[in-house]
Amino acid sequence: MQEINASIPFDKRLWQQDIRASKAHVAMLGAQAIIPVDDAAAISAGLDQVAAEFAANGVPVDLALEDIHMATESRLAELIGPGAGRLHTARSRNDQVATDFRLWVRDAIDEVDAGLAALQTVLLDRAEEQADSIMPGFTHLQTAQPVTLGHHLMAWFEMVTRDRSRFADARRRANLCPLGSAALAGTGFPIDRHAVAKALDFDGPTANSLDSVSDRDFALEYLTSAVQASLHLSRMAEEFVIWASQPFGFIALPDQWSTGSSIMPQKRNPDAAELVRGHAGRIMGCMTSLMVTMKGLPLAYSKDMQDDKPPVFEAHDLLGLCIAAMSGMIGSVTFRTDRMRGLANAGFATATDLADWLVREAGVPFREAHHITGKVVKLAEGKGVTLADLAVDDLTVVDARIDARVFDVLSIDASVASRKSYGGTAPSGVRDRIAEARARLETAPR
Ligand code: ARG
């Protein structure tokens, strides 16, 4: 029974939040004259001492004490005597754990947000540096149109922006205080839930005691936000794996972010990127785990809910690693821009520019222009040259409406420079977006 029942092996991680919430609670009990002020003061001082011990030596794991709430209270009693018993007036472990866990998730969100903001700064720096570097842009992983590497990195930046806003949103909804809901029905003691909420930096108390002790939406929203962020990190990691492969050769990972093979001396494996990709699966598993735990539970508290913590802790630890690893890799990778440029040149990536030119300069309907361009690509392919290397005579044979002015758009530089539509890949536009993003990051941190 003890082994299946106890949560102290994992919920000891809530000790700081547990003590913080208890201090707010006991201060309110004293202020409302629900317990003698002297006892309240003694309890508060005792809790500080417990906190100092836990900080110095860790939380002792004693299965007989079941969970962090009992462990804290029991140590408090050892330190200050029977007066400690007044701490649990007008509350239950049900509202206590709901409060502690909300406080923990709130801190976790702040930590993730700081990590994601740092990742964004790295992305902005690298994007600015690579605003003019041309690479092939892909659809279906086939060379499509030339883009700039800065533009590509800013696509990642946008993904992270949305991730941060999801966490911010989750935090806002989570930021109400369940303490004082007691076991499920509220309490007959004249407590001041607003004061406790304020002391714990919540926006206010929760409105329904049954809901308060049963709700784990805040943990689920943390997990769904974590899943979405980890999916984005996984997609970045996947591109790193592809880019680091020899056939692509777009990047060279520095020594500290690559690993060797135990038998093949030439290998420089992108293990960290692969693990970022792999961890996304585990984080998704954590989310699924808690969703399944919650889906059939009647109101109010059931012990199943004790299982809410391990998946959130696991997801948080994994996500922190993924953010740090991706930031580290992006910050230190060498972009092999000559190679990217060479492949952008080789892949007929400016075919669309030729079709667009026919539409613009020769009044050809787009569908027909597309067809003509297809013939030109075939011709270049046959000759083994790029579109820009074809002779003007080769082009006029395919269609008489083409003239030498077309060479202005057939180079990859001309192609990217022309894509000035808002949000497009033109270096000038990318620089504008980077400047805007930097200003946003500095002035509105979240
Ligand atoms: N350790 C428990 C949990 O994490 C605390 C709440 C226990 N409540 C109860 N009624 N047994 O869920």
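Counting starts at 1 for both ligands and their atoms, in listed order. Excluded from the calculations below are hydrogen atoms, water molecules and symmetry mates; all remaining heavy atoms, backbone and side chain alike, are included.
The protein heavy atom nearest to atom 11 (N) of ligand 1 is R93 NH2, 3.7 Å. With hydrogens left out, the protein atom closest to atom 3 (C) of ligand 1 is Y301 OH, 3.2 Å, a heavy atom.
Numbered from 1 in the order shown, with element, the atoms of ligand 1 that lie under 4.0 Å from a heavy atom of Q306 read 1 (N), 2 (C), 3 (C), 4 (O), 12 (O). Taking every non-hydrogen atom of S7 and a distance limit under 4.0 Å, the qualifying atoms of ligand 1 come out as 1 (N). Short contacts between ligand 1 and D67, defined as distances under 4.0 Å to a heavy atom of the residue, involve ligand atoms 1 (N), 2 (C), 5 (C).
The two residues A21 and L200 come nearest to each other via the heavy atoms CA-CD2, 4.0 Å.
Shown are R166, R172, R171; of these, the side chain to side chain donor-acceptor pair (under 3.5 Å) with D169 is made only by R172.
Residues M340 and Q130 form no side-chain contact, since every pair of their non-hydrogen atoms from C-beta on lies 4.5 Å or further apart.
Ring centroid separation for the pair F138 and F248 comes in under the 6.0 Å cut-off.
The proximity of K309 to ligand 1, defined as any non-hydrogen pair under 4.0 Å, is limited to the side chain.
Under the 30°/60° scheme for interplanar angles, the aromatic rings of W104 and Y222 are found to stand perpendicular.
Under the 3.5 Å distance criterion, the side-chain polar atoms of S415 are left unmatched by any main-chain donor or acceptor of S411.
Heavy-atom distances between Q96 and ligand 1 stay at or above 4.0 Å for every pair.
Between N94 and ligand 1, a contact under 3.5 Å exists for at least one N or O pair.
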